[in-house]
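Contents: one structure, followed by commentary.
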Amino acid sequence: MSQIQVVIDPGHGGADNGASYGYINEDDTNLEIAYYLEYELKEAGVSYIMTREKDEYISLEQRSTLANIKMPKLFVSIHCDAFHKQTASGMSVHVYQHPSWNALRAADCFQKQLTVHFPTHRWRGIRRSDFHVLRETHMPAVLIECEFLSNPETLKFLRKPENKRRMAQCFKRSIVNYLR
């Protein structure tokens with residue numbers, strides 16, 4: 001069996017819904033995007049595993065431990081953002097506060113694809129963060145905030161299956177470019 005190239009981490013799950021707006025839970029949206037990404041990676045011949053494949057709670061420690069056991073070339077955590085001001089919008093890619101060169105390179109691959117494929121969306125940048133899954137994984141890792149569930153306009157965007165599929169296609173291109 002070949003080495004796993006990517007761990008896909010649909011954020012939250014189970015009792016941890018993440019952000020919830022307009023009857024939409026972040027954990028469900030993250031998982032739907034991950035399902036589309038799973039299909040795209042299969043088509044591209046990229047080996048992967050998912051930290052969760054259904055609406056179940058998986059601790060942050062379990063996610064990072066799974067990744068560290070499998071030691072993929074990249075860890076990708078999928079999230080949606082939220083903020084108390086409904087006007088907040090945009091996409092961002094997070095890396096650990098003290099990122100490796102390869103983590104920055106992966107973030108750059110995602111940035112390029114997101115800005116090209118979603119030019120009307122605000123780009124919030126590559127951000128250095130102390131999220132557990134970025135800090136505790138021993139391989140290059142990125143956490144992507146796909147848009148704001150708290151913004152009525154971007155919530156409409158995130159509700160549409162075709163936009164989730166476009167997001168997954170963008171992620172696949174990012175991953176393929178990184179793995180080259």
Side-chain angles (χ1 to χ4, degrees), residues 6-43 48-64 66-67 75-95 107 110-111 113-127 129-137 141-175:
V6 181
V7 169
I8 304 167
D9 176 43
H12 304 285
D16 176 11
N17 293 327
S20 294
Y21 290 89
Y23 304 105
I24 301 293
N25 291 329
E26 178 187 359
D27 64 336
D28 297 331
T29 302
N30 299 340
L31 189 57
E32 290 170 30
I33 294 168
Y35 285 147
Y36 285 119
L37 179 55
E38 180 179 35
Y39 172 81
E40 294 293 328
L41 292 177
K42 275 183 193 173
E43 290 291 305
Y48 66 90
I49 58 168
M50 291 184 30
T51 58
R52 68 181 180 97
E53 295 183 359
K54 59 186 178 184
D55 187 19
E56 66 181 331
Y57 176 77
I58 306 290
S59 73
L60 297 173
E61 292 80 12
Q62 289 172 302
R63 294 165 195 261
S64 58
L66 173 67
F75 180 93
V76 178
S77 191
I78 300 170
H79 289 262
C80 296
D81 226 330
F83 193 63
H84 67 276
K85 289 187 179 179
Q86 288 187 344
T87 56
S89 67
M91 300 175 184
S92 59
V93 177
H94 294 257
V95 294
F110 279 89
Q111 172 196 336
Q113 292 298 318
L114 285 166
T115 56
V116 165
H117 290 93
F118 300 99
T120 61
H121 291 257
R122 181 174 175 219
W123 174 245
R124 297 175 59 85
I126 296 173
R127 298 172 172 227
S129 303
D130 192 32
F131 297 129
H132 179 94
V133 294
L134 301 177
R135 181 183 64 244
E136 299 299 327
T137 49
V142 294
L143 184 147
I144 300 138
E145 295 283 6
C146 295
E147 250 306 351
F148 280 75
L149 288 171
S150 53
N151 179 316
E153 289 304 309
T154 57
L155 177 62
K156 286 180 196 172
F157 167 83
L158 287 168
R159 278 186 171 156
K160 295 181 180 175
E162 62 269 20
N163 290 332
K164 293 174 200 166
R165 176 105 194 249
R166 285 179 53 221
M167 192 75 64
Q169 290 168 336
C170 174
F171 293 173
K172 179 214 41 183
R173 288 183 189 105
S174 304
I175 290 165

Report the residue from R135, E136, H132 that forms a side-chain hydrogen bond (donor to acceptor under 3.5 Å, both in side chains) with S64. H132

Pairwise salt bridge (Lys or Arg N to Asp or Glu O under 4.0 Å) hits with a residue in residues 118-127, at least two apart: none

Decide side-chain contact (heavy atoms from CB on, under 4.5 Å) for I24 and L158; before the verdict, give the C-alpha distance in whole Å, the side-chain angles of both, and the deciding distance to 0.1 Å. CA-CA 9 Å; I24 301 293; L158 287 168; over 6 Å; no

Side-chain heavy atoms of L149 within contact of S20, under 4.5 Å: no

Can you give me the closest heavy-atom contact between N30 and G11, atom names plus distance? ND2-O, 3.0 Å

Would you mind listing every salt bridge (Lys or Arg N to Asp or Glu O under 4.0 Å) that reaches into residues 48-58, with sequence neighbours excluded? none

With heavy-atom distances below 4.5 Å as the criterion, would you say the side chains of Y23 and L155 are in contact? no

Contacts of A82 that satisfy side chain to side chain contact (heavy atoms under 4.5 Å, CB included) - sequence neighbours left out: A19, Y21, S150

Nearest 0.5 Å, please: how far is CG in D27 from CG in N17? 4.5 Å

CA sep, side-chain torsions, deciding dist, call: V76, F110, side-chain contact (heavy atoms from CB on, under 4.5 Å): CA-CA 10 Å; V76 178; F110 279 89; 3.9 Å; yes

Answer yes or no: is there a donor N or O on one side and an acceptor on the other, between the side chain of D16 and the main chain of H12, under 3.5 Å? no

Would you compute the distance between atom SG of C80 and atom CZ of F157 and round it to the nearest 0.5 angstrom? 9.5 Å

Evaluate the criterion side-chain contact (heavy atoms from CB on, under 4.5 Å) for residue pair F118 and C146; output intermediate values, then yes/no. CA-CA 11 Å; F118 300 99; C146 295; over 6 Å; no

Under the rule for side chain to side chain contact (heavy atoms under 4.5 Å, CB included), what residues qualify as partners of H117, not counting sequence neighbours? Q113, C170, R173

Tell me, which pairs form a side chain to side chain donor-acceptor pair (under 3.5 Å) where one or both residues lie in residues 80-89, sequence neighbours left out? none

Quick check: do I8 and I49 have side-chain heavy atoms less than 4.5 Å from each other? no

Not counting sequence neighbours, list each pair that qualifies as a salt bridge (Lys or Arg N to Asp or Glu O under 4.0 Å) and has a residue in residues 163-172. E32-K164, E40-R165, E40-K172

Apply side-chain contact (heavy atoms from CB on, under 4.5 Å) to the pair F171 and I78, showing each step before the final yes or no. CA-CA 10 Å; F171 293 173; I78 300 170; 4.2 Å; yes

N151 side-chain N/O to E153 backbone N/O, donor-acceptor pair under 3.5 Å: yes

Does the side chain of M167 come within less than 4.5 Å of Y36's, by heavy atoms? no

Of H94, E26, E147, the residue whose pairing with H79 passes side-chain hydrogen bond (donor to acceptor under 3.5 Å, both in side chains): E26

